[in-house]
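Here is the structure we will look at.
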Amino acid sequence: MAKATKKQALGRGLSALLKDPSNDIKSVEDKNADKVVGSIVELELGAIEMNPFQPRTSFNEETLRELASSIRELGVIQPITVRKLSFNNYQLVSGERRFRASKLIGLETIPAYIRIANDQESLEMALVENIQRQDLDPIEIALSYQRLIEEIKVTQEELSDRVGKNRSTVTNYLRLLKLDPIVQTGMRDGFISMGHGRALINIDNINDQLDIYEQILAGSLSVRDTEALVRKFKNPTPEKETTTKKVPHFVNKGGRELSDLLDTKVVVKANKTGKGQFTIPFKDEADFQRILNLIKSEK
């Protein structure tokens, strides 16, 4: 208990230090910077602004209220991370859900780790730290990867090292951004999974992609079913040729006459020279005798 009290007192002392204009810390080389950077400090929520580099763009209101209730009972267990912008002015790097939940219940301060970083470092910190979270949807992760590549100017190989993922994993996420926005929204809303999305990427035409997406929703198709549907779409089974070979006119005409005469479907086959054969089907002995009598009567 004494240890916790000491930690809280230290936080209050650092908060006072940060509010002293004569001790405005702007870089790690400044006096007292070592006391602040990396320490847990109680900061006023009003002194913290949102991070424009935050990869998460949507928050579940129900889970946010549940977090707020937990914070009301237990406090903020894991400090947020901020970077110092100017005197008593900070920007959120990570912990936006905790920040929002704390504001929701009317807290005035929140425990925070302070870092000193430029815009590029802040972007990288925010993206990398948030990518590690388990509650980002696949599209949010893909967009974060894309921003790191474009704005930090790293290769996919370098990115995979920074986020601790295989390069193939990074590539699979980035490919999701080729999907139609409607499909991306469906993934973000949980209607389909990343596995469904990876299967749909193989459909180049957007209209075809959307048609299959609608089939997935209508039939509640699994990822395996979707993969099979995509394979069938890309490699349809060729229909058997139903065209009949060209035969002499007398063969077709004679086949029809025999069928009418014998009251059964006579199958006539012949090549283009006229050579061939015909088959007369019968149902039983009586039917056979009937057909035989008809043939004899034509003699």
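Given the structure is predicted, the values throughout are model-derived calculations rather than measurements.
Hydrophobic clustering of Ile, Leu, Val, Met, Phe, Trp and Tyr side chains at less than 4.5 Å, counting indirect connections, unites Tyr213 with Ile201. Note on Leu217: it does not cluster hydrophobically with Val223, by side-chain heavy-atom contacts below 4.5 Å among ILVMFWY residues. The hydrophobic clustering, which links ILVMFWY residues whose side-chain heavy atoms are closer than 4.5 Å, places Phe99 and Leu104 apart. Leu64 and Ile105 fall into different hydrophobic clusters, where Ile, Leu, Val, Met, Phe, Trp and Tyr residues are linked whenever their side-chain heavy atoms come under 4.5 Å apart, directly or through other members.
Listed by chain and number, the residues in a side-chain contact (heavy atoms from CB on, under 4.5 Å) with Asp180 are Ile182, Val183, Ile206, Gln209, Leu210 (sequence neighbours excluded). Residues satisfying the salt bridge (charged side-chain N to carboxylate O under 4.0 Å, His left out) test with Glu157, not counting sequence neighbours, are Arg167. Thr171 pairs by the side-chain hydrogen bond (donor to acceptor under 3.5 Å, both in side chains) definition with Gln156, not counting sequence neighbours. Residues forming a side-chain contact (heavy atoms from CB on, under 4.5 Å) with Ser222 (at least two apart in sequence, or on another chain): Arg224, Asp225. Every residue meeting the salt bridge (charged side-chain N to carboxylate O under 4.0 Å, His left out) condition with Arg290, not counting sequence neighbours, appears here in chain and number order: Asp287. Applying the side-chain hydrogen bond (donor to acceptor under 3.5 Å, both in side chains) test to Thr109 and every residue at least two apart in sequence or in another chain returns Glu42. Shown here are the salt bridge (charged side-chain N to carboxylate O under 4.0 Å, His left out) partners of Arg65, two or more places apart in sequence or in another chain: there are none. Remark: Gln289 engages Asn293 in a side-chain hydrogen bond (donor to acceptor under 3.5 Å, both in side chains) (not counting sequence neighbours). The side-chain hydrogen bond (donor to acceptor under 3.5 Å, both in side chains) check on Gln215 picks up nothing, with sequence neighbours excluded. Residues forming a salt bridge (charged side-chain N to carboxylate O under 4.0 Å, His left out) with Arg100 (at least two apart in sequence, or on another chain): Glu96. With sequence neighbours left out, Glu285 forms a side-chain contact (heavy atoms from CB on, under 4.5 Å) with no residue at all.
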Determine whether Leu107 and Lys103 satisfy the following criterion, side-chain contact (heavy atoms from CB on, under 4.5 Å), listing intermediate values before the conclusion.
CA-CA 6 Å; Leu107 291 186; Lys103 291 185 70 174; over 6 Å; no
Run Ser160 and Asn166 through side-chain contact (heavy atoms from CB on, under 4.5 Å) and show every step you take.
CA-CA 6 Å; Ser160 67; Asn166 292 330; over 6 Å; no
side-chain contact (heavy atoms from CB on, under 4.5 Å) evaluation trace for Asp208 with Phe233
CA-CA 9 Å; Asp208 294 334; Phe233 176 83; 3.3 Å; yes
Between Leu43 and Ile114, does a side-chain contact (heavy atoms from CB on, under 4.5 Å) hold up when you go through it step by step?
CA-CA 10 Å; Leu43 294 180; Ile114 295 181; 4.3 Å; yes
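Side-chain contact between Val41 and Pro111: absent, with no pair of heavy atoms (C-beta onward) separated by less than 4.5 Å. Using a 4.5 Å cut-off on side-chain heavy atoms (C-beta onward), Asn202 and Glu227 make no contact. Considering only heavy atoms from C-beta on, Asp161 stays 4.5 Å or farther from Val154 through its side chain.
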Less than 3.5 Å apart, which donor and acceptor atoms pair up between the side chains of residues 189-200 and the rest of the protein, not counting sequence neighbours?
{"residue": "Ser193", "atom": "OG", "partner": "Gly195", "partner atom": "N", "Å": "3.2"}
{"residue": "Ser193", "atom": "OG", "partner": "His196", "partner atom": "N", "Å": "3.4"}
{"residue": "Ser193", "atom": "OG", "partner": "His196", "partner atom": "ND1", "Å": "2.9"}
{"residue": "His196", "atom": "ND1", "partner": "Ser193", "partner atom": "N", "Å": "3.0"}
{"residue": "His196", "atom": "NE2", "partner": "Leu221", "partner atom": "O", "Å": "2.9"}

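Shown here for Glu49 and Asn89, the closest heavy-atom pair between the two residues is OE1-OD1, 3.9 Å. Shown here for Arg188 and Asp137, the closest heavy-atom pair between the two residues is NE-OD2, 3.5 Å. Here the shortest heavy-atom pairing between Val82 and Val93 reads C-CG2, 3.9 Å. Tyr173 and Ala142 make their closest contact through O-CB, 3.1 Å (heavy atoms, listed as atom of the first residue, atom of the second, distance).
Atom CD of Gln91 is separated from atom CE of Met50 by 10.0 Å, given to the nearest 0.5 angstrom. Taking CG of Leu143 as the reference point, atom CG of Leu177 lies at 5.0 Å (rounded to 0.5 Å). The CZ atom of Arg98 sits 4.0 Å away from the CD atom of Gln78 when rounded to the nearest 0.5 Å.
Shown here is Glu108, whose CD atom has no more than 12 heavy atoms of other residues, nucleotides or ligands within 6.0 Å.
Using modelled atom types, one side-chain atom of Glu158 and one backbone atom of Thr155 make a donor-acceptor pair closer than 3.5 Å. The main-chain N or O of Glu140 is found under 3.5 Å from a side-chain atom of Ser144 such that the two form a donor-acceptor pair.
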